[in-house]
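Lettering of chains follows the sequences in order, A, B, ..., and the numbering in each one begins at 1. Everything quoted here is computed from the prediction, not taken from an experiment.
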There are 2 protein chains.
Amino acid sequence: MTNTRSGKTSTRRGMQTRAVILKTALDMFLDRGYEETTMRAIAERAGVALGNAYYYFRSKEHLIQAFYLYTHQEHLAACAEILEKERDLKARLLGVMRKKIETIEPYHRFAGVLFRTAADPKSPLNPFSEESEPTRQESIALFAQAVEGSNARVPRDLKGELPYLLWLYHMGIILFWIHDSSPGRARTRRVVDRTVDILARVIGLASNPMMLPLRKATLRLVAELRESGA
Amino acid sequence: MTNTRSGKTSTRRGMQTRAVILKTALDMFLDRGYEETTMRAIAERAGVALGNAYYYFRSKEHLIQAFYLYTHQEHLAACAEILEKERDLKARLLGVMRKKIETIEPYHRFAGVLFRTAADPKSPLNPFSEESEPTRQESIALFAQAVEGSNARVPRDLKGELPYLLWLYHMGIILFWIHDSSPGRARTRRVVDRTVDILARVIGLASNPMMLPLRKATLRLVAELRESGA
DNA sequence: GTCTATAACCGGATAGAC
DNA sequence: GTCTATCCGGTTATAGAC
């Protein structure tokens, strides 16, 4: 989802104005928080009229959408090295997850707002929405890469669904992170360490023939989840 | 948390007025939705001044708090029969979960708002908050009852944590339900059926000595989760 | 302590002229 | 594409009555 604008913005000047508004908004959000930053203040500091800000961004929340994309790109870059060097699945997952929470840490103070919008099924910003599809797919692709590039033995049927499952798992971690007020988000880090450990164990067990019914049941569930688009 | 009022309301007449405002508000929310119902309209229809509504309810959101308690009580009552008759753990869980989604179904149209506020870590309405502790404990107790009254063999160490884990699971289902726009919430029902099946299998496997390390790892995680109050 | 009435504030969102 | 003026509704303030 690279497109958060209301109308068609094709001219060079339009792009420029749009970019200025966005940068100003994100700066101010980081500086003083989301609620405390009014659209009027953003417009004023960006040197445009209030109505013009709304010309480019349908609502205040739409300004957030750019944030998702931004942190995702940062996360991608941060993961590149470990995904290239490390072959052990558990280590790869741990690396990806640690980088994730490091990447988003600076934005923790307005995490609440993020999730408030994310939880609203009517919001186009929610991670399950159609409008979020492209970003979601990119994010799932990252987990696919983490699985593919590893030397882990994963049953074929599970392997296909694993990236999606890991993405869901990572959304859960983010939910925890949002509610985590411990210093330096120490608790989230411990939870990541422990859950990745558990995931690695479960994936290891999944090949066991004894687990076949459970694995099949789980895959049926996943099919159901994906089909519903949620 | 039964108390959502701003000041002390001790007189009979005060209680009366409070109740009228609340009932009017919930009626109107159901009838035309949350966003569409203005505080001015609630006050007018309840026959009180706008200021008076704010005298009893600190904010519009506080009117929602009563809703949680209300549906929880309904759910409790709806579960009583099955919990009394049925002894099989899987059947008990399935019963409890099905009743849950039946109970909240009428409110699906403003579920988005509910969870928008509920997801905000700063909101006293969020299910992990200190202010929600009493309701949360009651809800966990229901799952404890479902486990205790069953004839399932559950390892002792897991048995203590299971109610909390099930409560977490049930929150996840509610999150899915919110995003579920399928007719009659058919998808949520299928997901409940499948997940309860999986849960029952996992609980069954948990006694297997082969699972000991995994079980221990999971219990350490749960301890971490609870300690952090989230 | 309970309640009314009225006015005002504030900030997100929109309309419509240029 | 950009502006100004305006709407709208949550929330607050005030002043006073039972």
Side-chain angles (χ1 to χ4, degrees), chain A residues 3-22 24-25 28-29 32-65 110 112-114 116-117 120 122-125, chain B residues 3-22 24-26 28-29 31-65 110 112-114 116-117 120 122-125:
Chain A
N3 186 340
T4 55
R5 62 185 184 253
S6 345
K8 298 281 170 201
T9 304
S10 39
T11 71
R12 191 167 293 121
R13 193 149 89 92
M15 303 282 276
Q16 174 75 7
T17 307
R18 190 186 135 77
V20 168
I21 294 169
L22 183 55
T24 306
M28 293 181 80
F29 289 164
R32 65 187 78 172
Y34 179 82
E35 311 284 10
E36 294 69 25
T37 306
T38 70
M39 287 297 281
R40 283 166 176 82
I42 294 169
E44 188 179 354
R45 193 140 121 187
V48 300
L50 176 61
N52 202 18
Y54 277 99
Y55 175 80
Y56 286 104
F57 298 92
R58 216 190 296 283
S59 76
K60 190 178 175 183
E61 285 188 1
H62 276 78
L63 284 163
I64 294 180
Q65 215 166 30
F110 63 87
V113 191
L114 288 181
R116 219 171 46 221
T117 69
D120 183 351
K122 269 156 286 175
S123 168
L125 299 178
Chain B
N3 185 339
T4 54
R5 62 186 185 253
S6 346
K8 299 280 172 200
T9 305
S10 40
T11 72
R12 190 166 293 119
R13 194 149 89 93
M15 302 283 276
Q16 174 75 7
T17 306
R18 191 187 134 77
V20 169
I21 295 169
L22 183 55
T24 307
L26 292 183
M28 293 181 80
F29 289 163
D31 186 44
R32 66 187 78 174
Y34 179 81
E35 311 283 10
E36 294 68 26
T37 306
T38 70
M39 287 296 281
R40 285 167 176 85
I42 294 169
E44 188 178 354
R45 193 140 120 187
V48 301
L50 176 60
N52 203 17
Y54 276 98
Y55 176 80
Y56 286 105
F57 297 92
R58 217 192 296 285
S59 75
K60 192 176 175 183
E61 284 188 3
H62 276 80
L63 283 164
I64 293 179
Q65 218 166 26
F110 66 102
V113 193
L114 286 182
R116 219 169 49 217
T117 71
D120 184 349
K122 271 157 286 177
S123 167
L125 299 178

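- Residue pairs meeting the salt bridge (charged side-chain N to carboxylate O under 4.0 Å, His left out) criterion with at least one member in residues 33-44 of chain B, sequence neighbours excluded: B/Glu35-B/Arg116.
- When rounded to the nearest whole Å, the span between CD of A/Glu61 and P of C/dG11 equals 17 Å.
- Between the CD atom of B/Glu44 and the C1' atom of D/dG9 there is a distance of 14 Å, given to the nearest Å.
- Phosphate contact (OP1/OP2 of D/dT2, side-chain N/O of A/Arg13, threshold under 4.0 Å): present.
- Between A/Phe57 atom CZ and C/dT14 atom P the separation is 15 Å, expressed in whole Å.
- Take B/Thr24 and apply the side chain to side chain donor-acceptor pair (under 3.5 Å) test, not counting sequence neighbours, and it matches no residue.
- One can place OH of A/Tyr56 at 5 Å from P of D/dG1, the figure rounded to the nearest angstrom.
- The nearest whole Å value for the distance from the CD atom in A/Glu35 to the C1' atom in C/dC10 is 14 Å.
- Judged by distance alone, with hydrogens and angles left aside, B/Arg58 brings no side-chain donor or acceptor close enough to the base of D/dT11 to form a pair under 3.5 Å.
- For A/Ala19, the side-chain contact (heavy atoms from CB on, under 4.5 Å) criterion is met by no residue, not counting sequence neighbours.
- B/Tyr34 places a side-chain heavy atom less than 4.5 Å from the side chain of B/Ile64.
- The separation between A/Leu63 atom CG and C/dA13 atom C1' is 13 Å, rounded to whole Å.
- We find that NZ of B/Lys60 is positioned 14 Å from C1' of C/dG12, with the value rounded to whole Å.
- A search for side-chain contact (heavy atoms from CB on, under 4.5 Å) contacts involving B/Thr37 returns B/Met28, B/Phe29, B/Arg32, B/Ile42, not counting sequence neighbours.
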Exercise. Side chain to side chain contact (heavy atoms under 4.5 Å, CB included) between B/Met39 and B/Phe57: does it pass, once the steps are laid out?
Worked result: CA-CA 11 Å; B/Met39 287 296 281; B/Phe57 297 92; 5.5 Å; no
Got a list of protein N/O to nucleotides 4-6 of chain C N/O distances below 3.5 Å?
unit_1	atom_1	unit_2	atom_2	d
C/dT4	OP2	B/Ala49	N	3.3
C/dT4	OP2	B/Asn52	ND2	2.7

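- Neither OP1 nor OP2 of D/dC3 sits under 4.0 Å from any side-chain N or O of A/Tyr54.
- Rounding to whole angstrom units, CE of residue A/Met39 and C1' of D/dT2 are separated by 15 Å.
- Judged by atom type and distance alone, A/Arg40 reaches the base of C/dG12 through a side-chain donor-acceptor pair under 3.5 Å.
- Under the rule for a side chain to side chain donor-acceptor pair (under 3.5 Å), the partners of B/Ser59 that lie at least two apart in sequence or sit in another chain are B/His62.
- Residue B/Thr11 has a polar side-chain atom (N or O) positioned under 4.0 Å from OP1 or OP2 of C/dT2.
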